Amino acid sequence: MEYSFRQIEKKWQAEWKKKETYRVSNTSDKPKCYVLDMFPYPSGAGLHVGHPLGYIASDIYSRFKRLKGYNVLHPMGYDAFGLPAEQYAIEHGVHPAVSTDANINNFRRQLDNIGFCFDWSREIRTSDPSYYKWTQWIFLQLFESYYDRREQKAKPIAGLVEIFKTEGNSHHPCPGDASIRFDAAEWNGFTEARQQEILMNYRLAYCGYGEVNWCEALGTVLANDEVVNGVSERGGFPVVKKKLRQWYLRITEYADRLLEGLERIEFSEAMKEMQTNWIGKSYGAEIDFAVRSERNAVSKLRVYTTRPDTIFGVDFMVVAPELEIVEDLKSAAQAAAVDEYLAYVKSRSERERMAEKKITGVFTGSYAINPFDGKEIPIWISEYVLAGYGTGAIMAVPCGDERDHRFAQHFNIPITNILGDQYDGVEANPTKDAILQNSGFLNGIPMREATNIVLEKLEQMGIGNRKVNYRMRDAAFSRQRYWGEPFPIQWKNGVAVPLPETELPLELPHVESYKPGPEGEGPLANIPDWVARELETNTMPGYAGSSWYFLRYMDPQNDQAFCSREASDYWGQVDLYIGGTEHAVGHLLYSRMWTKVLYDLGHIGFDEPFKKLVNQGMIQGSSRFVYRINGTNTFVSKGLLDAEGTYQGKTVDKLHVDVNIVDGYNLDVNAFRTWKPEYENAEFLLEDGAYICGSEVEKMSKSKFNTVNPDHIVEKFGADTFRMYEMFLGPVEISKPWDTKGIEGVHRFLKKFWRLYVDETKGLQLSSEEPTPEELKVLHKTIRKIEEDTERFSFNTAVSGFMICVNELNDLKCRKRAILLPLLVILAPYAPHITEELWQMAGETGSVLDASYPVFEEKYVKESSKAYPVAINGKTRTEITIDLNATQEEVEAIVLANETVQKWLDGKAPKKVVYVKNRMINVVL
RNA sequence: GCCCGGGUGGUGGAACUGGUAGACACGCAGGACUUAAAAUCCUGUUCGCCGAAAAAGCGAGUACGGGUUCGAUUCCCGUCCCGGGCACCA
């Protein structure tokens, strides 16, 4: 019997499906383990070999945990709402629901082919009304909540209203607009509309006007993390700043808890740092400077600084051009220049501003007064100061800040040196370790001490406060698109009114046209019925559905709650979450926030969703190139090219060729001729009878013809080989190129394993003899290695471990039942099909999946251990057999008594004997 | 520019807390079986030296230069290179 992998794999995949082998129950005596993959967006392109990498790793880990006696939740679903489906609909006239469905079916077929142990009875789709009913429900929770800063948690807004009635907002400063202050009497006197307006400034999901990233080509606004280098992440279209009414998530209120939570979870350092940088917490102070202006319309200028200690080095102030205060600062003499500059700033797109960082600015004609020495400081405006951060105004200290320094030099502003010889007059020095000079009462004081002295003084004078700032902004939460969750909100006389829970889900209506509605509204604004009901016409962004999906898997059919408390208490946090790094500041931050809100409101019992995150690397494509002599249809083999990359002086075109018609580097010339019509009559200049292609490692993509379809690999080598090979390629976290050639090695291993036990004609050969100590050693060594490697995600070395094991058993001609059965169990997570088949052939009942993991016994490995004493000065090594149960003293005695060691010592006593790992003993001469 | 990672044979990569560097596999070379091919198996494969060859031996070697240590791919300092993230956040 040959190893006919396709037959075996099809058989077992059907069997698992029939028996619902992977169905998981929410009630079990076993400890739980929740292993989750980032669910895919079902694109039309299908899977390439890079996609399943993380799924394979999580599948192996899930199966391993199941064998170790855990109740394992390992679900899968689809992030089905999103822009690409809608773009496709606009271009091809296919409804997104239809194309998404087709894509999902294809994904599913490809996934099934690889033999994953997903519990498909728990499948979810974010575009399914029974799912987004709860996305809408959670949105309403956010809408109906505010963040209590004193208790550091979200609470129902109804409670806040009660507080306002009795004490106003003196203990609850308004996060949306700090200038809103009122007492109880004032609150009770407000109109309903005014009260609602104020409450909107407290809600965790709120609607407000703000500068947003507007992408004309996509016809929607985008969140900050969806804009990269001034263009849209999807499609690379230009993005401009626009003031629009938008929904937001008040994620800034959670900044501190999002930071603090990072300390309690296992994310990679790089990932934690990315999130930390995104949140961007900085400790500083706000300082009010008195202002002397022509119009006397402004009394003070408030700036934000992290370096109050450098206050004597302030040579100018800079205000963001967008600030309203600018109007009042400009003097008659400077008015024209200021207006001209403001017009210039307005004309610049975000993109231009980022691309060319020109030093620009203009003097307003007003001055600020240094509170300590009365110095007059000119106030400038410049685009390098951002309106949205801090107070939108800074105190510039050129000798200590690079940007201020460049600005001062450019505009010939005199620079005050407060750093003594730490400042060279050429470059700013941002040090915090200098002794202050030229600094009035701070002279001679180290900077770090000065900070506090200045702050205390400013506080006494009532013109300064300590202030923490965050770089993170509230997240834009509405999209002017069709293919997303509708907001369960009605607008009545300008007031947002939530739909009652009984009317959820608010289903997405069918539309004929995906064209934007009037005035930047979404396609829903084109539906008369929708508009008549005064429903919100925006839809939620892609990250809405993915911010909580891990909870739905726990209780996917529940129509009374997003997830029963019982289910979420049982499954708890995701123990292992696997996915790419591209969601570092998007999905991973939003889902962490939603989890915290649901926790605060008492709906779940944990406030971090993911206990451990593993980021899988990308599998890159290994592209192949052919070289065509320019203007001809003749292709030159790579080795025949000149050093300059030309052929006999003629230029050649380097063209991507489909990797699937190249064997290693050898082009299949006949397949090439039929690949594209224009190559039908291609001529080849061969070397040694072959056409050799060039190669390069690039991102895997259709346009580079370097994608490899897992279907083809599975067809040719089998799913078990494919799974093991993807792991064997290297550590899961590392990006590495795909190399189809290398798969032979893993395939040979499985064939060898099969042949070791299955005779071509006689079938399975198993003896029931007792294993020898040598055989037991091989087995237990392998059990230990695989268990350790699997637990620490070192799947590549685990695969090597299996290979070594089979090679050794092959040498021993060991075909014993007592060795095979435990081996099948430890191999099952990696190669589920072949092990299931052999398990059945061996006459074992049930599935190998339900076997119990063999226990590693040290005695088998220890028995024949050896010691290797090394004379460290002589570098020589000798082998001594020692029972490693011996104590260190006994080992030393045996080693020193050894003949070779005696020779090294030559009668002298050793300086010392060092007993180290790997059975090495060093004898220092 | 700043902040993280990382640099090991022809290639992917091993070496877990400092302890026989290069496991395992690909590729390559040679060989066996075969009319032949496929499949399978065996041997060799870091570099250099010594040798007709084999066995054995010697020397160097984990980007480069230094340091700590009996001992460094691993720890420390400096330089170079590659990958990723952030980029006027005061």
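Side chains included, hydrogens not; waters and symmetry mates left out as well; all remaining heavy atoms used. In what follows, chains are A, B, ... by sequence order, proteins preceding strands, each numbered from 1. For clarity, every value in this text was computed on a predicted model and none was experimentally measured.
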| query | Within less than 4.0 Å of OP1 or OP2 of B:rC26, is there a side-chain N or O belonging to A:Arg748? | reply | yes
| task | Measure from the side-chain heavy atoms of A:Lys751 and tell me the nearest of B:rC24, B:rA39, B:rA90. | result | B:rA39
| said: Does atom CD (A:Glu2) have a neighbourhood of more than 12 heavy atoms from anything else shown, all under 6.0 Å? | reply: no
| said: By nearest atom, which of the nucleotides B:rG12, B:rC4, B:rA90 is closest to the A:Glu273 side chain? | reply: B:rC4
| Hey, does A:Leu386 reach any base, or is it just sugar-phosphate, or nothing, if we go heavy atoms under 4.0 Å? | base
| message | Given B:rC41, B:rC24, B:rA15, identify the nucleotide with an atom nearest to the side chain of A:Lys752. | response | B:rC41
| said: Under 6.0 Å between ring centres: does that hold for A:Tyr470 and A:Trp278? | reply: no
| message | Measuring from the side chain of A:Pro731 (C-beta onward, heavy atoms only), which nucleotide among B:rA87, B:rG13, B:rC26 has the closest atom? | response | B:rG13
| Short side-chain to backbone donor-acceptor contact, A:Lys781 and A:Cys805, under 3.5 Å | no
| Out of B:rA15, B:rC41, B:rA90, whichever nucleotide has its closest atom nearest the side chain of A:Arg755 | B:rC41
Under 3.5 Å, which donor-acceptor pairs do the side chains of residues 391-402 of chain A form with other protein atoms, sequence neighbours left out?
residue	atom	partner	partner atom	Å
A:Thr391	OG1	A:Arg302	O	2.8
A:Thr391	OG1	A:Tyr304	N	3.4
A:Thr391	OG1	A:Ala393	N	3.4
A:Thr391	OG1	A:Ala393	O	3.2
A:Asp401	OD1	A:Arg403	N	2.9
A:Asp401	OD1	A:Arg403	NE	3.2
A:Asp401	OD1	A:Asp404	N	3.1
A:Asp401	OD2	A:Arg403	NH2	2.8

| message | For B:rA90 and A:Tyr384 - does any side-chain N or O of the residue sit under 4.0 Å from the phosphate oxygens OP1/OP2? | response | no
| task | May I ask you to check whether A:Phe717 and A:Phe5 place their ring centers less than 6.0 Å from one another? | result | no
| said: Just to be sure I understand the rule, does A:Val385 reach a base, reach only the sugar-phosphate, or reach nothing, if contact means heavy atoms closer than 4.0 Å? | reply: base
| said: Can you tell me if A:Asn796 touches the phosphate of B:rA14, counting only side-chain N or O atoms and a distance under 4.0 Å to OP1 or OP2? | reply: yes
| said: So that I can compare with my own list, what are the stems of RNA chain B, taken as at least three consecutive Watson-Crick or G-U pairs with distances under 3.5 Å? | reply: B:1-7 with B:80-86, B:10-12 with B:24-26, B:27-32 with B:40-45, B:46-49 with B:57-60, B:63-67 with B:75-79
| query | Quick one: which of B:rC16, B:rG13, B:rA14 gets closest to the side chain of A:Arg792? | reply | B:rC16
| query | Side chain of A:Ser382, backbone of A:Thr360: donor and acceptor closer than 3.5 Å? | reply | yes
| field | Under 3.5 Å: donor-acceptor pair, side chain of A:Thr310, backbone of A:Arg307 | value | yes
| query | Would you say B:rC88 has OP1 or OP2 under 4.0 Å from some side-chain N or O of A:Arg406? | reply | no
| Between B:rG61 and B:rG9, how far is it from one C1' atom to the other, in whole Å? | 11 Å
| query | Under 4.0 Å: is that the gap between some side-chain N or O of A:Ser282 and OP1 or OP2 of B:rA90? | reply | yes
| task | Identify which nucleotide among B:rC24, B:rU40, B:rA15 has an atom closest to any side-chain atom of A:Ile804, counting heavy atoms from C-beta outward. | result | B:rC24
| Would you say A:Asn807 reaches B:rA25's phosphate, i.e. side-chain N/O to OP1/OP2 under 4.0 Å? | yes
| For B:rG6, glycosidic torsion class - syn if within 90° of 0, otherwise anti | anti
| field | Interatomic distance at P, B:rG7 relative to B:rC16, whole Å | value | 13 Å
| query | Going by the angle between their ring planes, with limits at 30° and 60°, are A:Phe411 and A:Trp380 parallel, tilted or perpendicular? | reply | tilted
